[in-house]
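For reference, the structure is listed below as structure tokens.
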2 protein chains.
Amino acid sequence: MLSKAAEYAIRSMVYIWMMNQKGTRPGYRTIAIEVGSPEHFTAKVLQTMTRFKLIRAGKGRGGGFYFENPEEELPVFEIIKVIDGNKFFSSCAFGFENCNCANPCPMHDEFMIIRDNYTEMVQKVTIQSMAEKIINGTASLNQNNIVSPSAT
Amino acid sequence: MLSKAAEYAIRSMVYIWMMNQKGTRPGYRTIAIEVGSPEHFTAKVLQTMTRFKLIRAGKGRGGGFYFENPEEELPVFEIIKVIDGNKFFSSCAFGFENCNCANPCPMHDEFMIIRDNYTEMVQKVTIQSMAEKIINGTASLNQNNIVSPSAT
DNA sequence: AGAATTAAAGACTTTTTTATCCACTAAACA
DNA sequence: TGTTTAGTGGATAAAAAAGTCTTTAATTCT
């Protein structure tokens with residue numbers, strides 16, 4: 001569904017936004033540790049975020065990543081588009097290149113509903129709405145300190 | 001979402017079922033041509049289907065692939081499980097290894113709905129229900145003869 | 001100016017997925 | 001029994017995704 005790169009991007013963006021709220025601009029080393037992602041790969045993914053202006057980056061001492069307009073709602077959709085492109089949002093579960101209502105695959109009607117609900121979902125969920133859940137304790141940003149069920 | 005292997009498997013299975021209805025047992029060469037999939041890769045995928053007893057294979061003259069009990073409804077879900085495993089059906093859009101209601105990611109509630117609807121869908125859609133659409137002309141098995149929008 | 005800090009960029013490696021090829025085996029049939 | 005037909009299985013290759021490393025550039029602080 002989502003590439004690892006997109007997952008890391010989303011987690012990182014939430015963390016950056018929350019730290020910005022606290023008045024700091026985290027660097028990719030810190031981000032990678034806090035969201036549980038590979039350091040250098042995270043750096044690369046954040047480069048892409050910066051290149052597409054979803055966040056800004058400051059170099060040197062006191063530098064790091066930050067949102068220019070933190071109050072502007074940023075849907076997860078925007079991050080996915082930048083990292084994975086928008087192939088999925090018009091994709092076909094049967095593997096057709098050009099599956100549509102005029103020339104549907106045998107799963108078209110059923111899959112279109114799922115796919116469109118997903119599209120709607122990632123447009124509705126934003127960095128801010130996710131950050132809020134983490135702040136009020138109804139969700140977490142990483143599972144670094146979770147004991148896996150198999151390890152109990 | 002689905003691997004190429006799973007897509008090819010699903011398309012092939014529908015074709016095999018339809019040909020069985022007509023009294024023939026197609027070979028992987030024919031199948032690959034008819035569903036528009038790479039020949040040798042399709043052979044591999046069908047081996048897996050055979051190994052897991054979803055279909056049977058006959059060698060030698062008059063051989064090919066066939067369903068032992070064609071009337072027994074086969075949900076797409078079964079094919080996906082054999083090829084891709086069932087990781088997706090409990091997966092997390094945020095990338096958590098063990099995302100659940102007790103320890104949710106910030107997208108958990110929203111994504112769980114999508115994911116579960118998808119699971120339900122692939123359990124409801126069967127090889128037979130798809131074949132029926134193709135037979136009555138409301139869907140097609142391949143897009144081999146479709147002119148792509150960009151090529152018009 | 002110089003040292004320290006931090007992101008940017010690009011090359012590189014590893015792993016996974018997708019795809020191909022060929023030798024082998026089993027079945028059918030003449 | 002020999003020939004043809006068709007799937008099986010293992011090796012290999014190519015491409016994409018995931019991850020790593022090193023150098024360079026920009027910024028800040030002293």
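We use all heavy atoms of the structure for the numbers below, so side chains are in, but hydrogens, waters and symmetry mates are not.
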Q: Can you tell me the distance, in whole Å, between the NE2 atom of B:H40 and the P atom of C:dA23?
A: 13 Å
(Q) Expressed as a whole number of angstroms, how long is the span from B:F41:CZ to D:dA11:C1'? (A) 16 Å
(Q) Distance check needed: C:dC21 P versus B:Q47 CD, whole Å only. (A) 16 Å
Q.
How many whole angstroms separate atom CD of A:E39 from atom P of C:dA8?
A. 14 Å
(Q) Below the 4.0 Å mark, does C:dA19 have OP1 or OP2 next to a side-chain nitrogen or oxygen of B:Y8? (A) yes
Q) How far apart are the closest heavy atoms of A:S140 and B:P106, and which atoms are they? A) O-CD, 3.4 Å
Q: Could you check A:K44 against B:Y28 and say which one's nearest nucleotide on DNA chain D is further toward the 5' end?
A: B:Y28
Q) Which of parallel (below 30°), tilted (30 to 60°) and perpendicular (above 60°) describes A:Y28 and A:H40? A) tilted
(Q) I need the CE-P distance between B:M19 and D:dA6, as an integer number of Å. (A) 13 Å
Q. Taking CZ from B:F52 and P from D:dG7, how many angstroms apart are they, rounded to a whole number?
A. 20 Å
Q: Report yes or no: do B:F94 and B:M112 belong to one cluster of Ile/Leu/Val/Met/Phe/Trp/Tyr joined by side chain heavy-atom distances under 4.5 Å?
A: no
Q: Using the closest heavy atom to pick a nucleotide of DNA chain D for each, name whichever of A:G60 or A:A5 lands nearer the 5' end.
A: A:A5
Q.
Both A:G62 and B:K59 contact DNA chain C. Which one's nearest nucleotide lies toward the 5' end?
A. A:G62
Q.
Just the rounded figure in Å: distance from P of C:dA7 to OH of A:Y66.
A. 12 Å
Q: Answer yes if B:V76 and A:I113 sit in the same cluster of Ile, Leu, Val, Met, Phe, Trp and Tyr residues linked by side chain heavy atoms under 4.5 Å apart, and no otherwise.
A: no
Q) Please give, in whole Å, the distance from D:dT5 P to B:R29 CZ? A) 10 Å
